[in-house]
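Remarks on the structure that follows.
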Amino acid sequence: MRDAGWRTDWADCVLVTTMTPCWMCAGMMRFLGLGAVAYGDGASWPTDAATGLAAAGIRVIDLGSAEAVAMFDDWLAGTPASWSQPTATGELG
């Protein structure tokens with residue numbers, strides 16, 4: 001987002017990301033008035049923030065990418081043991 005410059009209107013922009021957005025990123029998208037978000041992996045992380053974006057009128061596109069899910073699985077396999085899959089509320093256990 002920093003590299004997008006000093007735009008004054010984000011309604012025609014689509015943010016494409018590997019995973020479903022977190023609440024902090026969703027807040028930024030709402031604040032900017034982003035037009036849409038497309039994400040590859042909607043299976044590995046709770047989609048509550050994406051649902052909130054859709055309810056706020058932002059177009060949400062779940063690409064259902066098996067490659068994005070595999071990428072997250074690979075990343076998770078290399079993380080410290082203190083990390084785990086997020087719970088339904090997005091908390092790490």
Side-chain angles (χ1 to χ4, degrees):
M1 296 302 294
R2 281 187 297 241
D3 293 337
W6 291 96
R7 295 183 62 98
T8 57
D9 184 4
W10 294 81
D12 64 340
C13 294
V14 178
L15 177 67
V16 180
T17 182
T18 306
M19 298 191 67
T20 183
C22 69
W23 281 108
M24 187 180 335
C25 292
M28 175 207 51
M29 291 176 214
R30 284 195 64 185
F31 176 78
L32 293 174
L34 196 72
V37 60
Y39 56 87
D41 181 357
S44 300
W45 203 261
T47 58
D48 298 350
T51 302
L53 288 171
I58 295 174
R59 185 170 176 220
V60 175
I61 306 157
D62 181 350
L63 300 171
S65 168
E67 292 87 358
V69 173
M71 187 172 20
F72 180 74
D73 289 343
D74 288 346
W75 173 82
L76 193 61
T79 59
S82 61
W83 282 62
S84 68
Q85 291 285 356
T87 65
T89 61
E91 297 172 6
L92 294 174

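Residue indices begin at 1 and follow the sequence shown. Values in this document were obtained by computation on a predicted structure and should not be read as measured data.
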Joint hydrophobic cluster, I61 plus F72, side-chain heavy atoms closer than 4.5 Å: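 Result: no, two separate clusters.
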Hphob cluster co-occupancy, M24 + M19, side-chain heavy atoms under 4.5 angstrom: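 They do not share one cluster, since no chain of ILVMFWY contacts under 4.5 Å joins M24 to M19.
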[X] side, atom [atom1]; [Y] side, atom [atom2] - distance, nearest 0.5 Å:
X   : Y   : atom1 : atom2 : answer
L34 : C25 : CG    : SG    : 11.0 Å
D12 : R7  : CG    : CZ    : 5.0 Å
M29 : C13 : CE    : SG    : 12.0 Å
S65 : E67 : OG    : CD    : 4.5 Å
L32 : I58 : CG    : CD1   : 9.0 Å
D62 : T20 : CG    : OG1   : 7.5 Å

Check: Y39 and L63 side chains under 4.5 Å, non-hydrogen atoms: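 L63 does not reach Y39 side chain to side chain.
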[X] and [Y]: which non-hydrogen atoms are nearest, and at how many Å?
X   : Y   : result
S44 : D73 : OG-OD1, 4.4 Å
A43 : V69 : CB-CG2, 4.3 Å
A26 : P21 : N-CB, 4.5 Å

